[in-house]
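Accompanying notes for the structure given below.
Along the sequence shown, the residues carry numbers beginning at 1. Small disclaimer: the values here were computed from a predicted structure and weren't measured. All ligand and atom numbering here is 1-based and tracks the order in the structure. Below, each value reflects all heavy atoms present in this structure, side chains not excepted, and no hydrogens, waters or symmetry copies.
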Amino acid sequence: MTKLTELLNIKHPIILAPMFLVTNIEMVKAALDNGISAAIPAMNFRNPNDITKAIQEIKQHIDKPFGINIIVNRSNTKLNAQIEACLVEPPAFIITSLGNPKTIIEKAHAKGIMVFCDVTDLKYAKKVEQVGADALIAVNSEAGGHAGCTPRNELIETLTKNCKIPVINAGGVSSSSDLRDVLKLGAAGTSIGTLFIASHECKVSDKYKNALINYGKNDIVLTRKLSGAPTTVINTDYVKSIGTKPNFLEYLINKNTGIKKFAKAILMRKGQNKLSNAAFKATYKTVWCASPAIENITELKSVKEIVEDLVGSL
Ligand SMILES: Cc1cc2nc3c(=O)[nH]c(=O)nc-3n(C[C@H](O)[C@H](O)[C@H](O)COP(=O)(O)O)c2cc1C
């Protein structure tokens, strides 16, 4: 029993992590069927109404707790619609990324939805705790996606010592002994992404899945070509050929929304395909996001088998 299993009333202290364009409804259902929780990014649904439908579909499959991940800063132009979609059909929890979660916490709590906030340091953790977060997702320097700067153990120790709400680790867990270690340090549980990309239920391309098997932890690099913020990716020949720093247009477009409109206007004038190829060679389809956890991926498995391997010796 951990604080996370208590909080969510689940068997094992694991959340199958929200992953942009990767986590899907089948993975969530399989996670819930096997005693862990899961969360899907709201951004994985083009139309916010589809978030409500997805929540309904998962609830019809099984009555277990899962979450929706919402980016709460200005870059998310669908923020209000995504919150509304969750209020119509409440998930058990919302995971917030970036920005100030105060408003979303107030709205979510009014509907009985818990809010867990992604944090990378103590200062921000104290801030979200103060505005009512129910738990922290401690994103460390080994996490996939937008990794933090602080090593796993140091971040867990700092946050558990200085914050009262549960600390859920994210990053640096790819085996049952890693899981035991973070629980021993006082983490309430862990959010795991990369391992689950190599699952049968995940619908990314076979090339991406094979890369998870064939590359190792030393092949993970940070690129700023996807979102502007450093993102962990596999250093394939393609990534090597395009580099990891944004070109001028990518830089402008990622910098702020006002300039996005301006850049779009340039694209219209100059011939969309040519310029957009030059500006955006790197997309989540051509560049594969993953963490050093790939070191422990040797074959494709079902979500059930991945969970069993992780909790085997708990
Ligand atoms: C492909 C990929 C996409 C991700 N997308 C998101 C996202 O949309 N929102 C988010 O809060 N975290 C995202 N993350 C971070 C995960 O939620 C989680 O913190 C991370 O995967 C934990 O590290 P691990 O991959 O080593 O297990 C992403 C991670 C990966 C690997």
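Ligand 1 places these atoms under 4.0 Å from at least one heavy atom of A17: 16 (C), 17 (O), 18 (C). Set against the non-hydrogen atoms of N69, the atoms of ligand 1 under 4.0 Å away are 7 (C), 8 (O), 9 (N), 10 (C), 11 (O). When each atom of ligand 1 is checked for a heavy atom of S291 under 4.0 Å away, the hits are 24 (P), 25 (O), 26 (O). Close contacts of ligand 1 with P41, meaning ligand atoms under 4.0 Å from a residue heavy atom, involve 8 (O). Numbered from 1 in the order shown, with element, the atoms of ligand 1 that lie under 4.0 Å from a heavy atom of C289 read 1 (C), 2 (C), 30 (C), 31 (C). Each of the following atoms of ligand 1 lies closer than 4.0 Å to a heavy atom of A170: 19 (O). Atoms of ligand 1 lying under 4.0 Å from at least one heavy atom of G171, given by number and element, are 22 (C), 23 (O).
A donor and an acceptor atom, one from each side chain of N49 and T52, are nowhere located under 3.5 Å apart. Side chain to side chain, H146 and D118 fail the donor-acceptor criterion of an N or O pair below 3.5 Å. Side chains of H12 and N34: a donor-acceptor N/O pair is absent below 3.5 angstrom, by distance only.
The shortest N or O to N or O distance between F20 and ligand 1 is under 3.5 Å. When only interatomic distances are considered, the shortest N/O to N/O separation between G144 and ligand 1 falls below 3.5 Å. For G193, a nitrogen or oxygen atom sits less than 3.5 Å from a nitrogen or oxygen atom of ligand 1, counting backbone and side chain alike. Residue S191 has no nitrogen or oxygen atom sitting less than 3.5 Å from a nitrogen or oxygen atom of ligand 1, judged on distance alone. By the 3.5 Å distance cut-off applied to N or O atoms, Y208 is not counted among the residues near ligand 1. The shortest N or O to N or O distance between P18 and ligand 1 is under 3.5 Å.
Note on ligand 1: D118 sits in its first shell, one or more heavy atoms being nearer than 4.0 Å. Using a non-hydrogen distance threshold of 4.0 Å, V139 does not register as a contact of ligand 1.
Applying the 4.5 Å side-chain rule to ILVMFWY residues, one finds L4, L7, L8, I10, I15, F93, I95, F116, I137, V139, I168 in the same cluster as M114.
With sequence neighbours left out, the side-chain contact (heavy atoms from CB on, under 4.5 Å) criterion links A108 to I94, I113, V115.
In K78, the NZ atom is crowded: over 12 heavy atoms of neighbouring residues, nucleotides or ligands sit closer than 6.0 Å. Atom NZ of K29 has more than 12 heavy atoms from other residues, nucleotides or ligands within 6.0 Å.
At least one side-chain heavy atom of M27 sits under 4.5 Å from a side-chain heavy atom of M19. Here the side chains of L79 and I70 are in contact, with some heavy-atom distance below 4.5 Å.
A salt bridge does not link E57 to K53: none of the charged nitrogens lies less than 4.0 Å from a carboxylate oxygen.
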